[in-house]
Amino acid sequence: SNYAHILTYVSPRLDSFAPAMINLPLLSNFNSTERESFIPADVILPLLPRFNSSALTKPKAWTLNVLNGTEERKSIVCYCAKCGSTSISNELYEIIFGKPWDYNGPPWVQAMDSKRWKGLAKKVKTGDFGKKLSFAVVRDPKERLMSAFRSKVGCQGSVNIQDRNKNVPELLRLAGLPQKVASKPLHSSGLCLNETVYLQALFMIHERALQGNLDIHFIPQHLHCFRYAPPSNWTVVTTVGSSKARCDLELVVLGKSSGVNCSLIKTHSTNNKARTSETLSTIDKARLDAITREEYEIFGSYLD
């Protein structure tokens, strides 16, 4: 049977809580983009288990060593994939070297341990988190996951096909789902996912407490920059869209800021415009809520 997950229906009126047991299909129609539309108005999924910490990989963050007069100033910069990494890396390079990144081809600007950064950046040691000047970038969790869907596993639009060919089988494997639940792209080879299967796979991965094994584009943000130090222990926690993000970055890295042109220039690796979850079905919204609940609890107050 494709039916599972007993959910609780919560009445829109908080004073008239009306639990009802509903059998929901995990995947209503294999290889279909049909959305499940029969679910009551509000569905709240049960709390997901905590992640298995032993499965986590070390977060990718950078210790910068920049001369400030005659002294070396050390700081930590961390940002997740799909959080504006291209924008931050480009701006950071210009802040440090006084000129734009003008290289073509790999290693890309995000590879701060490449020779193009002239040895100024090194991967952060675990014990340094929360102990140095630091700058972390976050993004609205729902926007980030849906942006990752469109560019990394989706069937239409500006999708990175090479990434999709790697990500789709891996997501299905971690979720314990067969490949027959995936779809076939119209104009390319390999497999792709529709929104329902994508969110179901992520939900099942979280149910198995395997979110620490997810690719960097899907791993929860609190398991990345904030794994070893909570947001309150960072000097600056901001978003790429903040009106003063660039000036905050200058202050952390250089110890001073020009105070002008303080917003970041947004340069993304794809042309997909970030969209919210407004078009999702009710059950897909419930899955997305459940997947991102912990992220909002941990750093929601830092979002724009």
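Quick note: numbers below take in every heavy atom, side chains included, and nothing from hydrogens, waters or symmetry partners. Nothing here was measured: the structure is a model prediction, and the numbers come from that model.
Pairs engaging residues 165-213 under the disulfide (SG to SG under 2.5 Å) rule: C155-C192 [sequence neighbours left out]. Annotation: ring pair (Phe, Tyr, Trp, His ring centres under 6.0 Å) contacts involving residues 154-184, sequence neighbours excluded, are absent. For the ring pair (Phe, Tyr, Trp, His ring centres under 6.0 Å) condition, no pair includes a residue of residues 157-180, sequence neighbours left out.
The pair D289-K142 counts as a salt bridge, with a side-chain nitrogen and a carboxylate oxygen less than 4.0 angstrom apart.
The side-chain heavy atoms of L214 and L202, taken from C-beta on, include a pair separated by under 4.5 Å. Two residues are said to be in side-chain contact when any heavy atoms from C-beta on lie closer than 4.5 Å; V124 and Y228 fail this criterion. At least one side-chain heavy atom of L172 sits less than 4.5 Å from a side-chain heavy atom of L193. Two residues are said to be in side-chain contact when any heavy atoms from C-beta on lie closer than 4.5 Å; D113 and K123 meet this criterion. You'll find the side chain of L199 stays beyond 4.5 Å of the side chain of K285, heavy atoms only. Annotation: side chain of Y302 is not in contact with side chain of T239 (no heavy-atom distance under 4.5 Å). Within the 4.5 Å cutoff, the side chain of V236 has no heavy atoms near those of the S134 side chain. Within the 4.5 Å cutoff, side-chain heavy atoms of P141 are placed close to those of L303.
Remark: E250 pairs with R246 by the salt bridge (charged side-chain N to carboxylate O under 4.0 Å, His left out) rule, at least two apart or across chains. Remark: K166 engages D215 in a side chain to side chain contact (heavy atoms under 4.5 Å, CB included) (not counting sequence neighbours). D140 meets the salt bridge (charged side-chain N to carboxylate O under 4.0 Å, His left out) test with no other residue; sequence neighbours excluded. The side-chain hydrogen bond (donor to acceptor under 3.5 Å, both in side chains) test applied to S75 returns no partner, not counting sequence neighbours. In this structure, the ring-ring contact (aromatic ring centres under 6.0 Å, His included) partners of Y103, at least two apart in sequence or on a different chain, are W101. Residues satisfying the side chain to side chain contact (heavy atoms under 4.5 Å, CB included) test with A175, not counting sequence neighbours, are L177, A201, M204, I205. Judged as a side chain to side chain contact (heavy atoms under 4.5 Å, CB included), and not counting sequence neighbours, the contacts of A245 are T238, S242, L264. The side chain to side chain contact (heavy atoms under 4.5 Å, CB included) test applied to K99 returns Y93, F97, not counting sequence neighbours. Among residues two or more places apart in sequence or in another chain, the salt bridge (charged side-chain N to carboxylate O under 4.0 Å, His left out) test is passed with K131 by none.
Remark: L145 CG to R139 CZ distance equals 9.5 Å, nearest 0.5 Å. Taken to the nearest 0.5 Å, the CD atom of Q211 stands 8.5 Å off from the CD1 atom of I219. A distance of 7.0 Å separates OG1 in T86 from CG in N90, rounded to the nearest 0.5 Å. Residue D163 holds its CG atom at 3.5 Å from NZ of K152, rounded to the nearest 0.5 Å. With values rounded to the nearest 0.5 angstrom, L210 atom CG is found 6.0 Å from L174 atom CG. Atoms CZ and CZ, on R208 and F203 in that order, are 13.0 Å from each other to the nearest 0.5 Å.
Minimum heavy-atom separation, L191 to N165: N-OD1, 4.4 Å. In plain terms, the two heavy atoms of P169 and Q179 that are nearest each other are CB-NE2, 4.0 Å. When every heavy atom of Q110 is checked against every heavy atom of S85, the shortest pair comes out as NE2-OG, 3.6 Å. When all heavy atoms of T292 and L288 are compared, the closest pair comes out as OG1-O, 2.7 Å. Between R144 and E295, the shortest heavy-atom contact is NH1-OE1, 4.5 Å. Among all heavy-atom pairs drawn from C83 and V240, the shortest one is O-CB, 3.8 Å.
Between the side chains of S89 and Y79, at least one donor N or O sits under 3.5 Å from an acceptor N or O. Under the 3.5 Å distance criterion, with hydrogens and angles disregarded, a donor-acceptor pair is assigned to the side chains of K82 and S147. A donor atom on one side chain and an acceptor atom on the other are not found under 3.5 Å apart for S151 and N160. When only modelled atom types and interatomic distance are considered, Q200 and R287 share a side-chain donor-acceptor pair under 3.5 Å. Counting only N and O atoms by type, the side chains of S188 and R164 include a donor and acceptor under 3.5 Å apart.
In this structure, W117 contributes its side chain and K122 its backbone to no donor-acceptor pair below 3.5 Å. Using a distance-only test at 3.5 Å, with no hydrogens or angles considered, a donor-acceptor pair links the side chain of S281 to the main chain of D284. With W234 contributing its side chain and A229 its backbone, the two residues share a donor-acceptor pair below 3.5 Å. Of the possible donor and acceptor atoms, none in the side chain of R73 sits under 3.5 Å from a partner among the backbone N and O of L64. In this structure, S263 contributes its side chain and S243 its backbone to no donor-acceptor pair below 3.5 Å.
Cluster annotation: L251 is not connected to I76 through the hydrophobic network of ILVMFWY side chains, with a link wherever side-chain heavy atoms come within less than 4.5 Å. No single ILVMFWY cluster, assembled from side-chain heavy atoms under 4.5 Å apart, contains both W108 and V137.
Heavy atoms of other residues, nucleotides or ligands lying less than 6.0 angstrom from CD of Q162 number 12 at most. Taking a 6.0 Å sphere around NZ of K132, one finds it holds more than 12 heavy atoms contributed by other residues, nucleotides or ligands. Annotation: D102, atom CG; neighbour count of heavy atoms from other residues, nucleotides and ligands within 6.0 Å is above 12.
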Using the disulfide (SG to SG under 2.5 Å) rule, take C80 and C225 through it: C-alpha gap first, then chi angles, then the decisive distance, then the call. CA-CA 7 Å; C80 65; C225 296; over 6 Å; no
In sequence, state the C-alpha distance, the side-chain angles, and the governing distance for F135 and I88, and then conclude on side-chain contact (heavy atoms from CB on, under 4.5 Å). CA-CA 11 Å; F135 181 93; I88 296 289; 4.2 Å; yes
